[in-house]
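Worksheet: the structure to be examined is printed underneath.
In what follows, chains are A, B, ... by sequence order, proteins preceding strands, each numbered from 1. Being a predicted model, the structure only gives us computed values, none of them experimental.
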Amino acid sequence: MRLAHITADDFDLARTLDSGQVFHWEKCGDGFIGTIGTKGVYVEQRRNRLFFKGATAKVIAHYFALDHPLEEICRSFPEDAAMCAARDFCQGLRIIRQPRWECLATFITSSMKQVAHIRQMSRALRERYGEHRKILGGQVYTFPRADRIAKLAEEDLRACALGYRAKNLLATARRVGSGEADLEKWSQLPDESLRERLCSLPGVGAKVANCVMLFAYERLRAFPIDVWIERVLRQKYFPRRRKVTAAQLRVFCETYFGEHGGYAQQYLFHHARKRAAAPEREARAGCSAL
DNA sequence: CTCCAGGGATGAT
DNA sequence: ATCATCCATGGA
């Protein structure tokens, strides 16, 4: 099998795909299969090279954000103990550039769900309503367009195990599919206006809006606060302080972590989730005891 | 500000 | 085999 390749310094493909920002790539041999937009893609890392099939080098490099100046981004992080530990743990993790609708829709389904569930919902939606692509003998499916989902019934989405999220995804798909909400045009807006627009969509609150800003609009300051991050913040940055409100945390994150706060968040998040399975309970217990 | 519905996988018993 | 746990949004 003949694959094209490009140089990918300071990049860890497996870590990036397993960091809770994207949910459809599947292990296949020594690499992964998935989609980038409408293309079925295989990608495999060998040292500092990415071998791939199904898309152009340009598309691959853009999707995986190989142009992000990762060293510079890491240097911009605050140098506290928690941040340094996360930075060392997450070498090569990049925040990738996801298609806007796919990212928005996926994060609407993500609410109150863990990674394993999100992957299953994404897979069900793709298999039933996406377009089939063959790649190296594997089967992949594109994420269904907004106008495709807009035509479905709530029951169809519930059958993909979306639960109450079905209503929200359907309502948002209708707004996006009709052009009433123009996700591409919104990319011109400044952060605050973009966040406002996203939050006006059904099923999108502050957390989901920040995820979409970070993963689909390249707003690298956006700092999604989920339970994992909140745990880290309270433990590492506000130890033994009761009564730190959500608003106080939000303000702290917006300033303290700087212009690449979103990267800092992703590193803290991935480190917290992945550092061993055992300390998890301990960490949670320690948090609630504060 | 607080409370709580919601649902399906996952880990504990 | 049941039982508790995980969790974002939106509305009361």
Lys/Arg-Asp/Glu bridge criterion (N-O < 4.0 Å) met for R231(A), D226(A):
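Salt bridge absent between R231(A) and D226(A).
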Less than 4.0 angstrom from a charged side-chain N to a carboxylate O is my criterion; do R123(A) and E26(A) meet it?
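A salt bridge links R123(A) with E26(A).
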With nearest nucleotide decided by heavy atoms, which residue, H117(A) or M112(A), maps closer to the 5′ end of DNA chain B?
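The answer here is M112(A).
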Judged by each residue's nearest nucleotide on DNA chain B, which is more toward the 5′ side, A161(A) or A247(A)?
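Looking at the nearest nucleotide for each, A247(A) comes out on the 5' side.
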Looking only at the side chain of [X] (C-beta and beyond, no hydrogens), which of the listed nucleotides [options] gets closest?
X: A116(A); options: dA9(B), dC7(C), dG7(B); value: dA9(B)
X: K113(A); options: dG7(B), dT9(C), dC7(C); value: dG7(B)
X: R158(A); options: dG7(B), dT9(C), dC7(C); value: dG7(B)
X: V227(A); options: dA9(B), dG7(B), dC7(C); value: dC7(C)

Whole angstrom is fine here: how far is it from [atom1] in [X] over to [atom2] in [N]?
X: M121(A); N: dA9(B); atom1: CE; atom2: P; value: 10 Å
X: R119(A); N: dC6(C); atom1: CZ; atom2: C1'; value: 18 Å
X: L162(A); N: dG7(B); atom1: CG; atom2: C1'; value: 11 Å
X: R123(A); N: dG8(B); atom1: CZ; atom2: P; value: 18 Å
X: N168(A); N: dA5(B); atom1: CG; atom2: P; value: 18 Å
X: R195(A); N: dT9(C); atom1: CZ; atom2: C1'; value: 17 Å
X: L198(A); N: dG10(C); atom1: CG; atom2: C1'; value: 17 Å
X: L169(A); N: dG7(B); atom1: CG; atom2: P; value: 16 Å

For dA9(B), the Watson-Crick or wobble counterpart (both distances under 3.5 Å)
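Pairing partner, where one exists within any strand: dT5(C).
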Can you tell me the Watson-Crick or wobble partner of dA12(C), both distances under 3.5 angstrom?
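dT2(B) is the nucleotide pairing with dA12(C).
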Can you name the closest pair of heavy atoms from R100(A) and L183(A) and give their distance?
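Where R100(A) meets L183(A) most closely, the heavy atoms are CD-O, 3.7 Å.
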Taking 4.0 Å as the cut-off, does a side-chain nitrogen or oxygen of W228(A) come that near to OP1 or OP2 on dC7(C)?
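It does, given that an N or O in the side chain of W228(A) lies less than 4.0 Å from OP1 or OP2 of dC7(C).
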Please determine whether a side-chain nitrogen or oxygen atom of R165(A) lies at a distance below 4.0 Å from atom OP1 or OP2 of dG8(B).
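Answer is no, no contact under 4.0 Å.
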More than 12 heavy atoms from other groups under 6.0 Å of CD on Q248(A):
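Atom CD in Q248(A) is packed in, count exceeds 12.
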Tell me what D226(A) touches on the nucleic acid: a base, only sugar-phosphate, or nothing, going by heavy atoms under 4.0 Å.
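Sugar-phosphate contact only.
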Which part of the nucleic acid, if any, lies within contact of I108(A), taking any heavy atom under 4.0 Å across all strands shown: a base, the sugar-phosphate backbone alone, or nothing?
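Since no nucleic acid heavy atom lies under 4.0 Å of I108(A), the category is nothing.
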Please write out which residues are connected to I60(A) in a hydrophobic cluster, directly or through intermediates, given that two of Ile, Leu, Val, Met, Phe, Trp, Tyr count as joined at side-chain heavy-atom separations below 4.5 angstrom.
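I6(A), F11(A), L13(A), L17(A), V22(A), W25(A), F32(A), I36(A), V41(A), V43(A), L50(A), F52(A), V59(A), Y63(A), F64(A), L66(A), I96(A), all in the cluster of I60(A).
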